[in-house]
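For reference, the structure discussed in these notes is given below.
Numbers here simply count residues along the sequence, with the first being 1.
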Amino acid sequence: MTDVTPLRSVLYMPSSNERALEKAKSIACDGLILDLEDAVAPDAKPAAREQAAAAASSGEYGRRTVTIRVNGIGTEWHDDDIVAAAQAGPAAVVVPKVNSAEEVHALVAALEKAGAPDHTRLWAMVETPEAIFNVREIAAASERLAVLVMGTNDLVKELYAEHVPGRAPLLTSLSLSLLAARAAGVQILDGVYNDVKDDEGFLAECTQGRQMGFDGKTLIHPGQVAPANEQFAPSPEAVEDARGLIQAWEDGRGSGVVTYKNKMVENLHVESARRTLAIHDAVQALEG
């Protein structure tokens with residue numbers, strides 16, 4: 001199986017806040033989104049851009065996947081953000097409100113023109129009705145695009161929906177985006193949970209996201225990191241079962257029907273088990 005990059009917990013950090021950028025070096029998240037958009041006031045954006053670029057290029061964040069979220073296409077800050085982010089060479093540049101494959105092509109061209117290294121990928125935020133209708137084309141538009149990021153707050157706003165337990169108003173959008181990501185072979189991150197004091201609600205949404213198939217969750221508070229890491233990593237029981245199933249498959253090869261714990265084993269089960277072990281090994285390497 002190809003290498004897996006754990007993205008169980010991806011934390012937004014305001015790039016205008018130097019203390020936050022420093023604190024992020026010690027937070028046990030898998031990834032960071034150094035934000036130039038929503039978390040930064042207009043008059044602070046130029047300084048935040050410089051601080052994000054310096055942080056992303058510093059090499060001081062260990063094995064964390066460090067990305068920069070630029071301001072949206074068409075804003076007065078976008079072009080300068082793209083140039084600065086590309087030249088800083090983070091793991092990825094995160095772009096809000098990507099609505100079409102054509103926009104992906106334009107973003108990739110802009111990153112390459114600005115000198116983005118090959119390792120700097122594009123993460124596209126899916127957060128509008130138009131993006132949902134185009135999400136399959138967005139996900140498959142470029143080899144540089146590596147991750148879809150659900151912008152659930154904006155989706156709720158644009159749908160005139162409500163934030164409710166279970167997220168019924170968003171399930172169609174979440175499911176279509178997951179299908180698009182899996183068809184294109186890219187990773188996909190669930191949206192944020194807004195109430196940082198509601199531990200029970202957060203855990204329930206993490207469980208839902210994991211059960212649906214998301215690779216991890218975007219976060220707005222360091223206190224959400226540990227629960228997300230636990231929820232989106234294979235459990236010890238799942239790892240043990242994966243190893244046992246693969247061993248049963250290998251032991252029974254050529255003997256007809258193979259079973260494990262009284263259940264028939266097919267190749268698709270073996271592929272799922274190998275993916276579980278690949279994620280487990282990647283998490284162990286990250287935390288080791």
Side-chain angles (χ1 to χ4, degrees), residues 6-42 44-45 48 51-52 55-56 61 64-72 81 90-98 123-128 147-159 161-167 169-170 173-174 177 187-210 212 214-233:
L7 293 174
R8 301 165 296 169
S9 54
V10 180
L11 180 65
Y12 287 99
M13 296 297 276
S15 293
S16 54
N17 187 330
E18 288 186 76
R19 287 182 61 191
L21 294 178
E22 184 63 30
K23 182 180 179 181
K25 297 174 184 177
S26 62
I27 297 173
C29 54
D30 288 350
L32 291 163
I33 298 176
L34 309 182
D35 195 15
L36 302 179
E37 195 208 13
D38 288 345
V40 181
K45 287 185 187 289
Q51 290 177 185
Y61 291 85
R64 295 167 190 82
T65 297
V66 179
T67 73
I68 297 175
R69 178 165 76 164
V70 300
N71 286 280
D81 286 352
V93 176
V94 185
V95 181
K97 292 184 174 63
V98 176
W123 291 11
M125 295 198 68
V126 178
E127 46 190 343
T128 67
V147 177
L148 297 181
V149 182
M150 298 307 301
T152 45
N153 281 336
D154 278 274
L155 264 174
V156 167
K157 168 181 170 286
E158 298 221 4
L159 292 171
E162 296 180 13
H163 291 281
V164 295
R167 298 193 289 183
L170 291 178
S173 298
L174 294 172
S177 300
Q187 290 181 279
I188 183 166
L189 298 175
D190 199 357
V192 301
Y193 190 79
N194 297 314
D195 187 347
V196 298
K197 299 290 181 66
D198 181 11
D199 296 340
E200 185 176 336
F202 177 70
L203 281 173
E205 198 164 287
C206 283
T207 299
Q208 180 195 43
R210 186 196 71 239
M212 290 184 73
F214 283 98
D215 294 292
K217 193 162 183 65
T218 47
L219 312 174
I220 58 172
H221 191 275
Q224 297 174 326
V225 169
N229 281 346
E230 182 177 357
Q231 288 292 309
F232 284 96

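With sequence neighbours left out, Asp198 forms a side-chain hydrogen bond (donor to acceptor under 3.5 Å, both in side chains) with Tyr193. Taking the salt bridge (Lys or Arg N to Asp or Glu O under 4.0 Å) definition, one finds that Asp215 meets it with Arg182, Arg275, sequence neighbours left out. Scored by the salt bridge (Lys or Arg N to Asp or Glu O under 4.0 Å) test, Lys97 finds Asp154 as partners (sequence neighbours excluded). By the salt bridge (Lys or Arg N to Asp or Glu O under 4.0 Å) test, Glu37 pairs with Arg69, sequence neighbours left out. Here Glu22 pairs with Lys25 under the salt bridge (Lys or Arg N to Asp or Glu O under 4.0 Å) rule; sequence neighbours left out.
Remark: side-chain polar atoms of Gln208 are paired, donor with acceptor, to backbone N or O of Gly166 under 3.5 angstrom.
To the nearest 0.5 Å, atom CG of residue Leu159 and atom OG1 of residue Thr152 are 11.0 Å apart. Atom CG of Leu7 and atom CG of Asp30 lie 6.5 Å apart (nearest 0.5 Å). Taking CG of Leu21 as the reference point, atom CG of Leu34 lies at 6.0 Å (rounded to 0.5 Å). Between His221 atom NE2 and Met13 atom CE the span is 9.5 Å, to the nearest 0.5 Å.
Every pair passing salt bridge (Lys or Arg N to Asp or Glu O under 4.0 Å) that includes a residue from residues 217-228 is listed here, sequence neighbours excluded: Asp190-Lys217, Glu205-Lys217.
Under the 4.5 Å side-chain criterion, counting only non-hydrogen atoms from C-beta, Leu219 is not in contact with Cys29. Between Tyr12 and Val94 the shortest side-chain heavy-atom distance does not fall below 4.5 Å.
Closest of all the heavy-atom pairs between Ser15 and Val40 is N-CG2, 4.2 Å.
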